[in-house]
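This report refers to the structure that appears directly beneath it.
The sequence lines fix the lettering, A, B, ..., with proteins before strands; numbering per chain opens at 1. As a basis for the values below, the full set of heavy atoms in this structure was taken, side chains included, without hydrogen atoms, waters or symmetry mates. Just so we're clear, the structure is a prediction, and the values are computed from it rather than from any experiment.
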There are 2 protein chains.
Amino acid sequence: MAEDGTLTRVTHTDVREPTCELREILDRVGDKWSMLVLHLLAAGPRRYSELHRAIDGISPRMLTLTLRSLERDGLVSRSVTPTSPPRVDYTLTAVGETLQPPVHALIEWAQVHRDYVSKSREHYDIAERGGQAL
Amino acid sequence: MAEDGTLTRVTHTDVREPTCELREILDRVGDKWSMLVLHLLAAGPRRYSELHRAIDGISPRMLTLTLRSLERDGLVSRSVTPTSPPRVDYTLTAVGETLQPPVHALIEWAQVHRDYVSKSREHYDIAERGGQAL
DNA sequence: CGGCATCCTTTTTGATACTG
DNA sequence: CAGTATCAAAAAGGATGCCG
């Protein structure tokens, strides 16, 4: 995510293939939790604690960072209700909703091909080496 | 990519939401280069050096790791032609091809919404703090 | 050419404790 | 409840050099 600054990596003007743009989105959606959060929010607004419980392995820190990042990119909106115990709801923005189809496509792919991938891994690990998991 | 081994993260059997599966695919496709390689291979087989040049910022190490990982998962196949200078071609497998639609969907989303995301970030950084990029 | 091994730096993520 | 701050571990990535 270090756009420029120290290294400017010349950019070769060789952008026949959208490598740069691709990297940007992959960085956006390819972190450990973003897609998961996006997916959960697809079902409607959720509170911070709901997300926290739903995701199970996430630390408050990462949940907050993920949500802030999504908010910064305009994909999620945060609304605070200053009641006695504060209440914060996160909702997909209109643009955030448009990310649903791609996200969903990926999730479906995963469900359909999970077994295949597992088998492939086993086969590869047994065959090529002695179990030298890459 | 460290599947299991030391940590086994208990799995809580709380899989109402497909968090676990999702994490698996995201890890598969969400690294820095996999999708990029997958995308390039969509246009047909490529040699190692072609991929290396096409991707531009990748180190030989990462290209190899990425390709091995994709091969291990059965998404890419590697064929060696033992000519004078050895020649190695990488091709999408049938299942690798099925990953194209989701990948493509994501790429398109990115192209369409890049400006929106940029604007959102600027706005967020200027407004919320004093430029405290998350 | 293709690619592994080694060493090192940068980024990411996690655990925890504490606050409005 | 909804975070933030701090500390530390772990992963990912990069630079090199050597080899078949």
Side-chain angles (χ1 to χ4, degrees), chain A residues 1-3 5-7 9 23 26-37 45-71 76-91 128-129 132-134, chain B residues 1-10 19 23 26-37 45-72 76-90 128-129 132-134:
Chain A
M1 295 188 183
E3 298 261 52
T6 41
L7 292 178
R9 185 147 346 261
R23 284 306 320 286
L26 296 184
D27 285 350
R28 160 65 289 175
V29 126
D31 63 54
K32 206 170 180 181
W33 309 106
S34 288
M35 266 195 144
L36 212 41
V37 170
R46 298 281 186 105
R47 297 180 61 170
Y48 180 90
S49 51
E50 290 179 312
L51 291 171
H52 197 179
R53 272 192 298 279
I55 297 184
D56 165 66
I58 199 171
S59 65
R61 182 183 128 81
M62 286 316 296
L63 181 53
T64 298
L65 285 178
T66 302
L67 288 168
R68 287 285 177 284
S69 176
L70 291 169
E71 190 190 357
V76 159
S77 69
R78 175 172 177 272
S79 65
V80 184
T81 311
T83 50
S84 29
R87 176 200 178 95
V88 180
D89 289 276
Y90 292 91
T91 316
E128 302 305 320
R129 312 276 167 93
Q132 208 77 312
L134 176 58
Chain B
M1 296 186 184
E3 296 261 51
D4 46 62
T6 42
L7 292 178
T8 317
R9 189 165 318 280
V10 201
T19 53
R23 285 308 318 285
L26 296 184
D27 285 349
R28 158 65 290 173
V29 127
D31 64 56
K32 206 171 180 181
W33 310 106
S34 289
M35 267 194 144
L36 211 42
V37 170
R46 297 282 186 106
R47 296 180 62 172
Y48 180 90
S49 51
E50 291 179 313
L51 291 171
H52 197 180
R53 273 192 298 280
I55 297 183
D56 165 67
I58 200 171
S59 64
R61 181 184 130 83
M62 286 317 296
L63 181 53
T64 298
L65 284 179
T66 301
L67 289 167
R68 285 290 173 284
S69 176
L70 290 169
E71 190 191 357
R72 185 165 97 105
V76 160
S77 68
R78 175 173 177 273
S79 65
V80 183
T81 310
T83 51
S84 30
R87 175 201 178 94
V88 180
D89 289 276
Y90 291 91
E128 301 305 319
R129 311 277 168 94
Q132 207 77 311
L134 178 55

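- A close approach under 4.0 Å does not occur between any side-chain nitrogen or oxygen of Ser59(A) and OP1 or OP2 of dT13(C).
- The Val88(A) side chain lies nearest to dA2(D) when the options are dA2(D), dG3(C), dC1(C).
- As rounded to whole Å, 10 Å separates atom P of dT13(C) from atom CG of Asp27(B).
- The structure places CG of Asp89(A) at 11.0 Å from CZ of Arg46(A), a figure rounded to the nearest 0.5 Å.
- Mapped onto DNA chain D by nearest heavy atom, Arg47(A) and Trp33(B) fall at different nucleotides, with Arg47(A) at the one closer to the 5' end.
- The nucleotide whose nearest atom lies closest to any side-chain atom of Arg78(B) is, among dT13(C), dT4(D), dG2(C), dG2(C).
- The distance from atom CD1 of Ile55(B) to atom OG1 of Thr66(B), rounded to the nearest 0.5 Å, is 7.5 Å.
- The distance between atom CG of Leu67(B) and atom P of dC1(C), rounded to the nearest whole Å, is 17 Å.
- We find that CG of Leu65(A) is positioned 10 Å from P of dG14(C), with the value rounded to whole Å.
- Atom CG of Leu51(A) and atom P of dA2(D) are 9 Å apart (whole Å).
- Following rounding to the nearest Å, His52(B) (NE2) and dC4(C) (C1') show an atom-to-atom distance of 14 Å.
- As rounded to whole Å, 16 Å separates atom P of dA10(D) from atom CE of Met62(A).
- Close to dC4(C), at under 4.0 Å from its OP1 or OP2, lies no side-chain N or O of Arg61(B).
- Nucleotide dG20(C) holds its C1' atom 15 Å from the OH atom of Tyr48(A), rounded to whole Å.
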### Query
Would Leu70(A) and Ser34(A) satisfy side chain to side chain contact (heavy atoms under 4.5 Å, CB included), going step by step from the backbone distance to the final call?
CA-CA 7 Å; Leu70(A) 291 169; Ser34(A) 288; 4.2 Å; yes

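- Between dG14(C), dG2(C), dT16(D), one nucleotide has an atom nearer to the side chain of Pro60(B) than all others, and that is dT16(D).
- One finds a side-chain N or O of Tyr90(B) lying less than 4.0 angstrom from the OP1 or OP2 phosphate oxygen of dG3(C).
- Within the structure, a side-chain polar atom (N or O) of Lys32(B) is placed less than 4.0 Å from OP1 or OP2 of dG14(D).
- Between Val88(B) and Arg78(B), some side-chain heavy-atom pair lies under the 4.5 Å cut-off.
- In terms of phosphate contacts, Ser84(A) brings no side-chain nitrogen or oxygen within less than 4.0 Å of OP1 or OP2 of dC1(D).
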### Task
Apply side chain to side chain donor-acceptor pair (under 3.5 Å) to the pair Ser79(B) and Tyr90(B), showing each step before the final yes or no.
CA-CA 6 Å; Ser79(B) 65; Tyr90(B) 291 91; over 6 Å; no

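- Residue Ile58(B) contributes atom CD1, which lies 14 Å from atom P of dA12(D) at whole-angstrom precision.
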